[in-house]
**Student:** 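One structure, pasted below without further comment.
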Amino acid sequence: MPLGRVREVEPDAAGRAGTSRSGPVRPGPARSGPAPAGSGPRRRTVLAAALAPLVVAGCAGEERPRTPRPGPEAAKDALVMVIRHAEKPYAGDTGEDDEGNEDPGFLAVRGWRRAQELPTLFGPTRGAALPRPEAVFAAGGKAGAPARCRQTVEALATSLHTSVRTEFAVGAEPALARAVLAARMPVLVCWEHTGMPRLIRGLGAQGLIGLPAAWPDRYDLVWTFTRRQGVWSFRELPQRLLSGDA
């Protein structure tokens, strides 16, 4: 065998020595076998597919911030009718109730006449200008508060077979407004004129076109506040119950 040559024996498919050939020794190319288990693109694809449902489930289970929903009193349509109590005694004088008791917080004689005629202003009386109230509120509060607001609407409440709600005193108009908006509509409120602006702000109906800044020095008016689709409107109506009413 010439120098510089080696005999190379190639194994056959079974790993045994096979045909031999002679030639210069040359380094063969490196062979790449299968990738180790648990690595490679296929492994990553399978892993991502397996984790996807867990990621979705985790996101679904996260606590998401919730937008507060407005209460029913902020969503429903409303009709709120507001009147001032009927005529009161002149300064230094007293009113009188139907039992003969005298008190400066009672109605005057003309005020009692207006209170007796008030039911004709509201339905279901034929020709009534205003709808039948489903709830009636009057200024009240603690014992000793002026009774003239309650006295103004007692005859009306009797004709409607309902009670007068007097749990709110003058000064508690924000709470009154919340109760009014939560009540069944329409609602009638008989109040002291000094508390009217606070009541209107509590309803959220301030600044309407045509709305006076304060209640005028009159007892023969009805203010109506109508809310449709969240928008308030205002009307002023005359009572025209007694001679001399405008």
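What's counted below: heavy atoms across the whole structure, side chains too, no hydrogens, waters or symmetry copies.
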**Student:** Where do Thr162 and Glu134 land on the side chain to side chain contact (heavy atoms under 4.5 Å, CB included) test, with the steps shown first?
**Tutor:** CA-CA 8 Å; Thr162 189; Glu134 294 293 337; over 6 Å; no
**Student:** Counting distance only, does the side-chain N/O of Trp112 pair as donor-acceptor with the main-chain N or O of Glu96 below 3.5 Å?
**Tutor:**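 Flag set: sc Trp112 to bb Glu96 pair under 3.5 Å.
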**Student:** Apply salt bridge (Lys or Arg N to Asp or Glu O under 4.0 Å) to Arg114 and list each qualifying residue two or more places apart in sequence or on a separate chain.
**Tutor:**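 Arg114: salt bridge (Lys or Arg N to Asp or Glu O under 4.0 Å) contacts with Glu87, Asp245.
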**Student:** Provide the full list of side chain to side chain donor-acceptor pair (under 3.5 Å) pairs with a residue in residues 180-192, sequence neighbours left out, each pair given once.
**Tutor:**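 For residues 180-192: His85-Glu192, Arg148-Glu192, Glu173-Trp191.
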**Student:** Please check this pair: side chain of Lys76 against backbone of Leu181, looking for a donor-acceptor N/O pair closer than 3.5 Å.
**Tutor:**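 A pair under 3.5 Å: yes.
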**Student:** If we check side chain to side chain contact (heavy atoms under 4.5 Å, CB included) with Phe137, which of these qualifies: Val164, Val82, Val187?
**Tutor:**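 That would be Val187.
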**Student:** Just by distance, do the side chain of Asp97 and the backbone of Glu102 share a donor-acceptor pair under 3.5 Å?
**Tutor:**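 No, the answer is negative, given that no donor and acceptor are paired below the 3.5 Å cut-off.
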**Student:** Check whether more than 12 heavy atoms from other residues, nucleotides or ligands sit under 6.0 Å from atom CG of Asp93, and answer yes or no.
**Tutor:**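 More than 12 within 6.0 Å, yes.
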**Student:** Can you pull out every side chain to side chain donor-acceptor pair (under 3.5 Å) where at least one residue sits in residues 163-172? Sequence neighbours excluded, please.
**Tutor:**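 Side chain to side chain donor-acceptor pair (under 3.5 Å) check on residues 163-172 returns Arg165-Glu167.
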**Student:** With rounding to the nearest 0.5 Å, note down the distance linking CZ in Arg201 to CG in Leu203.
**Tutor:**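 Atom-to-atom, Arg201:CZ and Leu203:CG are 11.0 Å apart.
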**Student:** As a test of understanding, state which of Thr224, Leu79, Val80 forms a side chain to side chain contact (heavy atoms under 4.5 Å, CB included) with Pro186.
**Tutor:**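 Of Thr224, Leu79, Val80, side chain to side chain contact (heavy atoms under 4.5 Å, CB included) with Pro186 is met by Leu79 alone.
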**Student:** Please confirm whether the backbone N or O of Ala86 pairs with a side-chain atom of Thr152, one donor and one acceptor, at under 3.5 Å?
**Tutor:**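 Pair found, side chain donor or acceptor close to backbone of Ala86.
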**Student:** Do Phe122 and Met81 touch side chain to side chain, with heavy atoms closer than 4.5 Å?
**Tutor:**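 Counting from C-beta outward, Phe122 and Met81 do come under 4.5 Å.
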**Student:** Say you draw a straight line from OG of Ser233 to CG of Leu211; how long is it, rounded to the nearest 0.5 Å?
**Tutor:**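 One finds 11.0 Å between OG of Ser233 and CG of Leu211.
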**Student:** Quick check for you: to the nearest 0.5 Å, what is the distance between His193 atom NE2 and Asp217 atom CG?
**Tutor:**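 If I round to the nearest 0.5 Å, the distance is 7.5 Å.
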**Student:** For Ala246, which residues count as a side-chain contact (heavy atoms from CB on, under 4.5 Å) partner, sequence neighbours excluded?
**Tutor:**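 Scan of Ala246 (side-chain contact (heavy atoms from CB on, under 4.5 Å), adjacent residues dropped) gives Arg218, Asp220.
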**Student:** Using a 4.5 Å cut-off on heavy atoms from C-beta on, say whether the side chain of Glu117 contacts that of Leu242.
**Tutor:**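 Sidechains of Glu117 and Leu242: in contact.
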**Student:** Please check: side-chain N/O of Gln239 versus main-chain N/O of Leu221, any donor-acceptor pairing under 3.5 Å?
**Tutor:**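 Checking the backbone N and O of Leu221 against the side chain of Gln239, a donor-acceptor pair under 3.5 Å is found.
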**Student:** Between Gly202 and Ala177, which heavy-atom pair has the shortest distance, and what is it?
**Tutor:**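 Nearest pair, atom of Gly202 first, then Ala177: C-CB, 3.4 Å.
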**Student:** For residues 224-246, pull every pair meeting ring-ring contact (aromatic ring centres under 6.0 Å, His included), keeping only residues two or more places apart or in separate chains.
**Tutor:**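 Sorted pair list: Trp223-Phe234, Phe225-Phe234.
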**Student:** Mind listing the side-chain donor-acceptor pairs of residues 153-161 below 3.5 Å, one per line with the distance, residues two or more places apart or on another chain?
**Tutor:**
unit_1	atom_1	unit_2	atom_2	d
Glu154	OE2	Arg150	NH1	2.5
Thr158	OG1	Glu154	O	3.0
Ser159	OG	Leu156	O	2.6

**Student:** Membership question, hydrophobic clusters at under 4.5 Å side-chain separation (ILVMFWY): are Leu241 and Ile83 in the same one?
**Tutor:**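 Cluster IDs for Ile83 and Leu241 match.
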**Student:** Roughly how far, to the nearest 0.5 Å, is the CG atom of Leu130 from the CG atom of Leu237?
**Tutor:**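 That separation rounds to 5.5 Å.
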**Student:** Kindly compute the distance separating CH2 (Trp215) from CE (Met196), expressed to the nearest 0.5 Å.
**Tutor:**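 Separation between the atoms: 4.5 Å.
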**Student:** Considering all heavy atoms of both residues, which atom of Cys190 and which atom of Cys149 are nearest to each other, and what is their separation?
**Tutor:**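 Shortest heavy-atom separation between Cys190 and Cys149 comes out as SG-O, 3.6 Å.
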